[in-house]
Structure formats: structure tokens, C-alpha cells
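Note on naming: letters A, B, ... go to the chains in the order of the sequence lines (proteins, then strands), and numbering restarts at 1 for each one.
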Amino acid sequence: MILQLNVIRKRKLRKKMQKYCPQKIEVKWQKQWEKDNVFVAEDYSKKPKKYILVEFPYPSGAGLHVGHVRSYTALDVMARMYRLRGFNVMYPIGWDAFGLPTENYAIKHKIHPKIATQKNIAIFKKQLKSLGISYDWSREIDTTDPDYYQWTQWIFLKFFEQGLAYKHKMPVNWCRSCKIVLANEEVVDGRCERCQGEVEKREKEQWMLKITAYADRLVDDLDTVDYLEKIKAQQINWIGRSEGAEVNFEIDQKFNYVILHGYGATKENSFYCWLKAELEKRGHRVQIPQLPNTNNPDILEQIEFVKKNVKFDENTILIAHSLGSVVAMKVLEGLKRPIYKYVSVGGFVTPEFLDNHKRPFVKTFNWRYNFEKICKKIIKIRILRDIKDHKIPSEQADKIKDAIGGKIIDGTGTAKHFLGKLEPLVLEHSLEQLKIFTTRPDTLYGATYMVVAPEHEIIKNYQVRITNYSEVEKYVKKAKTKSDLERTELQKEKTGVEIRGFKAVNPVNGEKISVFVADYVLSTYGTGAIMAVPGHDQRDWDFAKKYKQKIKTVVQSKVASKDKAFAGEGIAVNSKIIDGLETFAAKKKITQWLEKNNYGRKAINYKLRDWIFSRQHYWGEPIPIIHCETCGTVPVPQKDLPVRLPDVKNYEPTDTGESPLATIKDWVKVKCPRCGSDAKRETDTMPNWAGSSWYFLRYCDPKNLKAFADERKMQYWMPVDLYNGGMEHTTLHLLYSRFWHKFLYDQGLVGTPEPYARRTSHGMVLAEDGRKMSKSFGNVINPDEIVQNEEGGGADTLRLYELFMGPFSEAIPWSMDGIKGIRRFLEKIWVVYQEKEMIKCGGSCARVNKSLSILLHQTIKKVGEDIENMNFNTAISQMMIFINQASQQEKLPVGAMKIFLILLSPFAPHMAEELWEKIGNQESILKENWPKYNSKILSEEQINLIIQVNGRVRDTIKINRGISQENAVKLAEQSNKVKNFINRQEIKKVIFVPDKVLNLVV
RNA sequence: GCCGGGAUGGCGGAAUGGUAUACGCGUUGGACUUAAAAUCCAAUGGCAUUUUAUGCCGUGAGGGUUCGAGUCCCUCUCCCGGCACCA
């Protein structure tokens, strides 16, 4: 009878039950949420803030990828949970829309990239909304919006003001097919990251950002943030800091030195005496003409004097201090044949001193030069600047460099204005030396030859001294025409040519050693020259064997081998001053020795290069700079920002490598903001990485017209509490944005040194065949297909599946069968909530169903903890366990089932809302609180105590938690199974882990 | 070569030093059905057995620590990711 009644009741319920139609309920709730503005983050709310961020997408024509969905839903689950836990959550989204794919699309289809971008954004937006992700759409940003990119330009100008954005002529990576300069980061295995085309080297003037100035802090500050270990490791690896020493090897050539003193100085005063002595000690010839009227100089008189009394030739090195540099330049101007080197020590070219009034000669001097002529008279130029100089403004060095070229060496004199009794910097640059970098200064005694890169300046500079120049030149030319790809592909066999005509001197033992040119030495790392220690470096060993150079052992090894270099650490041998020392101590001691004797110093080198910031393309932020013939490089004044991208007929880059902007004459032509004369705009644009380097700040205050973001708002929201993105951005975007943020921090514009408190990465979603999803393989899954599939899909199904497929940070192949399982799970929930009888439990669900209640609290605990640790897959498993048990009950306590819906709501928000409504709630589930678990209920669970004999499981007994060891042993001894194994032997030892295991050792 | 992370059923994967294989997929059997699909129930690491219950073996390989090891230590193999002639 009762049975029959149940059947009738069930049938009635079945009639009432609706089919699960995800499409219907999902759209319904999405509209509702939008209407109620439920996901808008409130500035300055009293609730604790939580800034959750995902990398904003590039709105490509291909639409949303299932990989995007994985990252976005994962963080959506977190955002939704934190809201339920009472946090003021900001979860924003926007568009990183400048860049090549859109430009290429524009070229192909003759559509303005702005229009293509807007179209793509609309598609992405629709797709994202169909997933029910709880973004705060009111903070949407677009990097291509002039209101946005004016601030990208503004920040660039800050870099420029601080000297961290500079123009530099350099060999750059040039992609032949994209016709674009690539950053080092965009070259993968010598090929263009985008088109796989070959990359060649071209000399070009480029805008650079001085990220190397932040290298140390970018490494060190990783200790202050919570990033996945592998992300930290990759960043450290990429920056590639190595500590070692710089060592100078003197060249064994003799030179004729001429020293021109400065204002008020004499031939005998200290500065020159020490230098003369040092140079003569080394066998060089030194002349110091005493300039006439040193306290009241007349420039013409001094020039005539020098011309008359000094003989210049191709071996002359001219060192001029202070006012001597003015005389020197004038003398050089009039020379017939070039000298070798000019060293300006605290020199200047225009009459701007810090103590102008004390200098009567300022007015009498002729300050006009013919720089072109001067340039032709010098092969090598060094400009030494004392950054603490009290007489000469530091811009003077830059002015000399602008006028005649050369290299500025910044340093501090032992006394101001390089007037000390021995100035190491002056000595170092007066001498002719090869500077090298090594991480193993302890092997210096084992250096038996040296190698310079084909690009090294010594080759050009020493043309007249190199006896086999044509052979060397041939090798260099060949090496330079090789692309990076060719150079690395042919790396097996090392090649090189000995440079004849001079030798280098090993400072520790005075040995004269040969210098080679070889392309296994890179011009871009260290100093472009190395000391070769074939005994302890495999590359040098290979080269030495081929070119028959000596191999010396200077570090003792236990694993001595005749056909391999020993590169490990050990005891120094055959190394006079460091013999017997361990590597670490040996390095320290020899470095100290080098420093003391002016042969070198401790040094740090980085693999990281400065960031090439120019692109010769249309679809990017114009670099806000104006070139004026009289004023030079002038920043666009802030009131003229943004520099808008003009419309152009043709988006293709020009064959000269200039941006298409260069073809718009009206746009390029502009008045100089400083002097008002005709000037030209910079036509290069910024790389794709610019806009994304600061976008997380703009979300704090997306509509601000007066600043990139309001200080107080940033104070409230920053730093980002959780930032998730792909591993592929670890060395590019992540590093760049940390760099920008640190720079802004130094400028006092943001409040924290690091932008992201925690950084995680999602694993890639692979295709079912285990390969990458790609159009060319035809294995791409479109999320729309899943969302719109009525029978087996829906947004909730897709969301859950993407999180259930495997550990969040690992790459997992897609599985259509896996989706089926998730949809079944959702259907099961649907059925449980409609078919089962819900019992009111008046505060205690445990009274209605104790075991389900215990399971519920286990589930509350596990789901909450798992979400925080991003173990979404196991959180979902736990919910499945709960539903499986619930589905086997006739009657369910309604309180427990409500709580379960709250747990489910971050994962399957639409279903949770719908069922929440169906079981009779008026208000949205979003207004609920995240449940807390009750540890008392958890402790009431009966557990299986494992009984082991000699460490092997023999039985389990059901017990209440908290059983004592005594009682446990008593119970165990009653078990027949256990008795058999004890077999009347004596129990020697009892190991008892409460509530887990009892081990009897016999 | 260097740096990181891995290796667990037929598959995706779970396991604070304490019952290895949770959860899902698949497979097999059963129920429902004229039938199929869907759904529901049950079984599902291997081997052995005159005791169907019990034993033994099992987390890439080999050693070790421990009452007890997928988990810790040492050696090695393979796979994935990053860097790479970086001195």
C-alpha cells in the first residue's frame, strides 16, 4: 500500500518536472544579472577588496578559443566565491587590440583595422556574455581607443624624460616577410615568431626602453611576490644574471701619447705626472706640451703652440683634460692625417660651466668647430664623464658625443673632475686594452688566447696594424651576412681566424697571447670578447684543438679527461697567487688582485637586452616625438596628446622599412613645439606589448581624462590580488609590465613596487588528438558549439568541463566524452532538486539525515579550500560525490540542499540560480553568504581504523573518531583476521596514529 | 648542456608518510523498452587457488630511510616546458 502511494507520488512529480534546457535558463539569468548590475565593483567600498585579473584577449577574427574559456571561468569561479564571502571583487575585462594580425587582415581585405577590431570585439563580447562570466563590463577598456592610448604615449614620454627611452642605431632582427623589426623575444630559433620566416640582421635606428636598468630589481623582487615557481624560474632565466669579473688585457703595441692639460694647469702638476709615469712604465712615448698663458689662455695661441711643438701620427693617442679638450678639437680640425685615438677627460664643447663667472677665457674663445672634419681625424673616441663633476655640466659629454660620436664612459673620479693622484678610469681608457667578461676569473692563468666577436670594434680600429687584414675582413663579412639561424645551426664546427700583427698580454703572468676573431663569440653579450680558457671551457677546448692552441690546467679535477674540458669547480693549481684555493675563494682573491692593480673589477652581466620599442607599422600607438633640426628630439607636449593615428590609404609597410605613416606628408609635417620651426613627426609606432604593460592600472579608473588613473583609486585597488594568464607571456608581457610598473613606482605615480601579488598560469587546452588546436590541423573546438548544443552542452556544462578536465595549470587534451559526463552530472542535480521530497529541518539537517549532513560539511570544506588553491577538478569531484549520495535518498533536508546550490553557484551559476528560484527563493542566490563548515559535525563521522600487522593491512574496524590506543588495541585483538597474523606471537611494538592507523609489530 | 615540471588502471586523473587507483570516461552484465537511444542498478589493476575468500604482486627502473613509501633520500631512464656558442 505504502509502496503504491510512493509510486503515485513519484508519477505526479514527474509530470511536474521540466526538462533541463540550459539555453533557456542561461539567457534568462544573463539578462537578469545585466539588468541588476550585480557585478559592478564599487570604488572605496568598506568591504575588503579583491582585484582578480585575467589577461585581456586580443580580439582576433577567429573568435574566442576554448583556452580563453578555461582561464576566464576559473577566475570567474574565484570571483564569484569571493563575492559570496563578502569581498568587494573587481573582475574586469578589455581588449588588447593593437597589433599585426588585425593589420594583416586590413591589408588583405582593405578594411580599416579600427573597423575590423570593432567587429571582432563585438563577437568576443557576445561569446563572453554567453558564458555567464561575472565581468564588470562598466570598466571595459580598449587599447586602441585614443582616450586610452594617450596615456600609453604619456607614460612613454615619462620614460623619455628620464632618459630610459632612447634612440639607438643597432643591428636589429628584421623579418623579411613581415617587413618588421622584431624584439629579441619575438625571435624563436632564429625565426619570426609569427610567420616562421627567416630573420636577418639590419642596422636601424630604433627606439629603445632601458629595461636593463631594472634587471636586478626584476630578479630580486620576485622574492616579494607569490608567483608559480616555474614562472619565477623562467623570468630569472630570461634575465640571465651572471656574476663575475671584467678583466682588461693590454695590447702589446707602442703608442705616442699626447696629453693636453686644462685651464690653469701646468706640465708638472699631479694629474699628468702619474699618467705619464704609468704610460712610460709600459714603454710608450709621452709628450706633454706646456700650453702658453695657462691662467689666461688664448685659444689661437695655444693651437699654434701645439701644432708647432707636437708631432701627430697614426699611432698617436690624444688625451685632453677639461679646457684642453677644446684645444684638442681645434687642433684635430686642422690635422692632415688622422690620429688613432682621442680621449676627452672631463671635456666640453660649449661655454656652459657650473662656475662660468670665474672664467675670463669664456668670452675670448672661439667655440665654433667643424665637427665633420674633426670626425675624419680620429678612429676611436672615448668621452670620460665624472658624474660628480663640479665644473662641467654632465650634458657636455652628450654634446661631444652628438658632435663627433664615440663612446661615453660614466664614472666617478677619485677626486672631482678627474683630478686625483691616480685616476683608474683615465688610465684604463688611455691604454689600449681588450676588455673581457668572465664568470670564472679564477681560471685567468689558464687563458691561452683570446677571441673577439666579428662585430668587435678592434677589427675596424686596428685595420692598419692587422697584417692579415684581408683574411680577417673576409671572415667578418661572411659571419655578418649569416642570420642568427645560420649561425646557431652551424654551431657544431667552430670557425675563426687569428688576427695577426699584435698580441694581448695576460695581466696575471705577462704572457703574450694570440687574438682570434670567431663567431662563436657574441657581440651582444658581455664585452664581445672573451679570454679563452680551453682547459676549463668546452667551447674553448674545441676551438683550441682545431687551431692548435695551448691547453693549461688551472683547476684540479677528480675526473680528469683527455678529451674534454673540466668546467667544474675545484682547487686552483698553476695559478701562483691563488694556488690551493677552492673556486669560490679563488674568484674572490683574484678579483681583489685585479681591482688593486687596475686590471679589472667585479662585474655583473645580463642576458636581458634593452627592449626594442619601435615598430614600422600602422596599427600601433604613434610614438609621440617630434624631430626638429635645431632642437633635436622633442617630446610632444602633454596638451597635444594623444597623437592620433591618421587615416591612411595603404597599411602596408614600405620597402625601406619605414612605417606607412611616413607616406602621409601632412601628418608628418609639424611645427617644433620648442622653437616653432618646421619639424617632422616620428613615424614609428609602439609594439603590441605597450598597451598591455599598464592596462591593469586603467581598470581602476577607466574613464579618467585627466590622468592614466586616479591615485586614490589605485591606492584602493592595487596591487592585483590574483593574475592568471598563459605561460607564453612569462618572459614578455609579464616582465614588461613589471618593468613599467616599477618605473611608475619610481616616479611616485603608483603605490606598490610590484603590480601583481599572485600570478598563476593555466595549462593549454589541447585538441582531442593531443596536438595544439590549430586551423591548419582542423581540430579547433569552438566554444559556441558547446554552449549552443541543447542535447549535450550549455554554458554551465562547458564551464564545469573546462575545470574538471584536469589540473588547472596543466595542459590537457579536449574530450567530447568528458563533456557528456559533466552534462550527466548537471542533469542529475536537476532531477534531484525536482524529484526528491524536500524536508524542512528547522535548523538541523543532521537530524533528518546525519550521513548526508556530514558529507555536506566535508563538501563545504573541500570545495572552499579547493577553489582557493585552484584545484577546481577535485572540487567538482566532491560535488559529484555529494549529488550521488543525495540522489539515492528518498527525502532530502532542504537546508543542506540550499547550501549545496551555493557551493555549485560559482561553477554553474545559471543552474544554481534557476534551482534556487525553483525551490522557492525570491532573491538571487548571489545575495547569499558562502557557507562555513561545522567541525563538530565533521568529527561525528564514523571512520575506518586501519589495522596493520607488521606494516601490512590486515583488517579495518569502524570506530568513532577519537578512540584511544588502548581501546583500539583491544578491538584489534578481537579480530580473527588479526589474530591469524599475530599467530600468538608477542606484540613488540604498537604504533598508533589517532583515527588513521594501528600497527602491531610482532 | 643548464633550469623547471612530470611518469599512477583501457583513458583524463585522485591521494597532509598511513586502506593506491577518489571523481569522470570507457568496458561488461543486468533493469526498463517491441527495439534502440536515454536513464537506472551492479561489476571493473594483475596473478593464483580443490577453500570465491583469501593470498601474493602492483604507482618509469634500481637501491636506501621507516613499523609503514606513489609520497622522503641516492642513482638512472624516458617525457613535457623554458633557455641555450650567454664566456
Can you tell me if the side-chain N/O atoms of A/Arg440 get under 4.0 Å from OP1 or OP2 in B/A87? no
Criterion side chain to side chain donor-acceptor pair (under 3.5 Å) on A/Thr495 and A/Tyr475, from CA distance to verdict: CA-CA 9 Å; A/Thr495 60; A/Tyr475 180 82; 2.8 Å; yes
Mind checking the P distance from B/C80 to B/G70? Whole angstroms is fine. 27 Å
Identify which one of A/Asn944, A/Leu945, A/Ile963, A/Ile943 satisfies the side chain to side chain contact (heavy atoms under 4.5 Å, CB included) criterion when paired with A/Ile957. A/Leu945
If you only use heavy atoms from C-beta on, which nucleotide in B/G18, B/G26, B/C83 is closest to the side chain of A/Lys820? B/G26
The answer to which of A/Ile822 and A/Asn944 contacts RNA chain B further toward the 5' end, by nearest nucleotide, is A/Asn944
Using the P atom as the reference point in each nucleotide, state the distance between B/A7 and B/U44 in Å, no decimals. 26 Å
Any stems for RNA chain B, made of 3 or more Watson-Crick or G-U pairs in a row, each with both distances under 3.5 Å? B:1-7 with B:77-83, B:10-12 with B:23-25, B:26-31 with B:39-44, B:45-48 with B:54-57, B:60-64 with B:72-76
Whole angstrom value for the distance that separates C1' of B/C83 from CH2 of A/Trp238: 8 Å
If you look at every strand shown and take non-hydrogen atoms under 4.0 Å, does A/Ser242 touch a base, only sugar-phosphate, or nothing? sugar-phosphate
With syn defined as a glycosidic torsion within 90 degrees of 0 and anti otherwise, which applies to B/G55? anti
So that I can tick it off, tell me whether A/Glu55 and A/Arg759 are bridged by a salt bridge, with the cut-off set at under 4.0 angstrom between side-chain N and carboxylate O. yes
Report yes if a side-chain nitrogen or oxygen of A/Arg952 is closer than 4.0 Å to either non-bridging phosphate oxygen (OP1 or OP2) of B/U19; otherwise report no. no
Rounded distance in Å between the C1' positions of B/G55 and B/G60: 27 Å
If you measure from the C1' atom in B/G17 to the same atom in B/A69, how many Å do you get, rounded? 7 Å
So what does A/Ser815 touch, heavy atoms closer than 4.0 Å: a base, only the sugar-phosphate, or nothing? nothing
Determine the contact category for A/Ile881: base if any of its heavy atoms lies under 4.0 Å from a base atom, sugar-phosphate if only primed atoms, P, OP1 or OP2 are that close, otherwise nothing. sugar-phosphate
Whole Å only: how far is the CG atom of A/Asp442 from the P atom of B/A87? 14 Å
Residues A/Glu810, A/Arg70: salt bridge by 4.0 Å N-O rule: no
Encode nucleotides 8-13 of chain B as B, S and - characters from 5' to 3', where the letter depends on protein heavy atoms closer than 4.0 Å: B to the base, S only to sugar-phosphate, - to neither. ----BS
I'd like the C1' distance from B/G30 over to B/G5, given in whole Å. 45 Å
Given RNA chain B, 5'-ward residue of the pair A/Arg954 and A/Gly526, judged by closest heavy atom: A/Arg954
Contact class for A/Val993 (heavy atom, under 4.0 Å): base, sugar-phosphate, or nothing? base
Protein-nucleotide distance (A/Leu766, atom CG; B/G81, atom C1'), rounded to Å: 12 Å
How is A/Arg241 classified with respect to the nucleic acid when contacts are heavy atoms under 4.0 Å: base, sugar-phosphate, or nothing? nothing
Is any N or O donor-acceptor pair between the side chain of A/Lys494 and the base of B/C85 shorter than 3.5 Å? yes
For atom NZ of A/Lys772, decide whether the heavy atoms of other residues, nucleotides or ligands shown that lie under 6.0 angstrom number more than 12. no
Give me the one residue out of A/Val219, A/Asp216, A/Thr731 that meets side chain to side chain contact (heavy atoms under 4.5 Å, CB included) with A/Ile239. A/Val219
For the P atoms, the ones on B/C47 and on B/G64, what distance do you get once it is rounded to whole angstrom? 29 Å
Would you kindly say whether A/Thr73 and A/Glu802 are connected by a side-chain donor-acceptor distance under 3.5 Å? no
Within less than 4.0 Å of OP1 or OP2 of B/G26, is there a side-chain N or O belonging to A/Arg824? yes
Would you mind telling me which of B/C23, B/C40, B/G82 lies closest to the side-chain atoms of A/Asn237? B/G82
Close side-chain approach of A/Asn779 and A/Trp814, heavy atoms under 4.5 Å: no
Separation between CZ (A/Phe900) and OH (A/Tyr833), nearest 0.5 Å, reads 5.5 Å
So which nucleotide from B/C40, B/G68, B/A87 ends up closest to the side chain of A/Ile530? B/A87
Which part of the nucleic acid, if any, lies within contact of A/Lys607, taking any heavy atom under 4.0 Å across all strands shown: a base, the sugar-phosphate backbone alone, or nothing? base
Can you identify which nucleotide, out of B/G68, B/C83, B/G26, has its nearest atom closest to the A/Asn999 side chain? B/G68
Whole-angstrom distance between B/G6 and B/U71, as gauged at atom P: 13 Å
Rounding to an integer number of Å, can you tell me how far A/Glu865 CD sits from B/A15 P? 12 Å
Quick one: does A/Asp995's side chain have a donor or acceptor within less than 3.5 Å of a partner on A/Arg961's backbone? no
Name the nucleic acid region contacted by A/Asn884, choosing base, sugar-phosphate or nothing; use a 4.0 angstrom heavy-atom cut-off, strictly under. sugar-phosphate
Within the structure shown, what part of the strands sits under 4.0 Å from A/Asp817 by heavy-atom distance: base, sugar-phosphate, or nothing? sugar-phosphate
Rounded distance (Å) that lies between atom C1' of B/A14 and atom CE of A/Met880: 13 Å
Side chain A/Asn605, main chain A/Ser242, donor-acceptor under 3.5 Å: no
Specify the separation, in whole Å, of atom CD1 of A/Ile239 and atom C1' of B/A84. 17 Å
Do we see a donor-acceptor contact under 3.5 Å between the side chains of A/Gln888 and A/Asn884? no
What is the separation between atom OH on A/Tyr525 and atom C1' on B/C83, rounded to the nearest whole Å? 13 Å
To the nearest Å, how far apart are A/Lys828 NZ and B/C23 P? 10 Å
C1' atom, B/A22 versus B/G45: distance in rounded Å? 15 Å
Counting side-chain heavy atoms from C-beta on, which of B/A87, B/G18, B/C83 comes nearest to A/Ile946? B/G18
Donor-acceptor contact present, side-chain A/Arg799 to main-chain A/Pro906, <3.5 Å: yes
Considering only side-chain heavy atoms of A/Val953, which listed nucleotide, B/C25, B/A87, B/A20, is closest? B/A20
Using a heavy-atom cut-off of under 4.0 Å over every strand shown, decide if A/Gln948 touches base, sugar-phosphate, or nothing. base
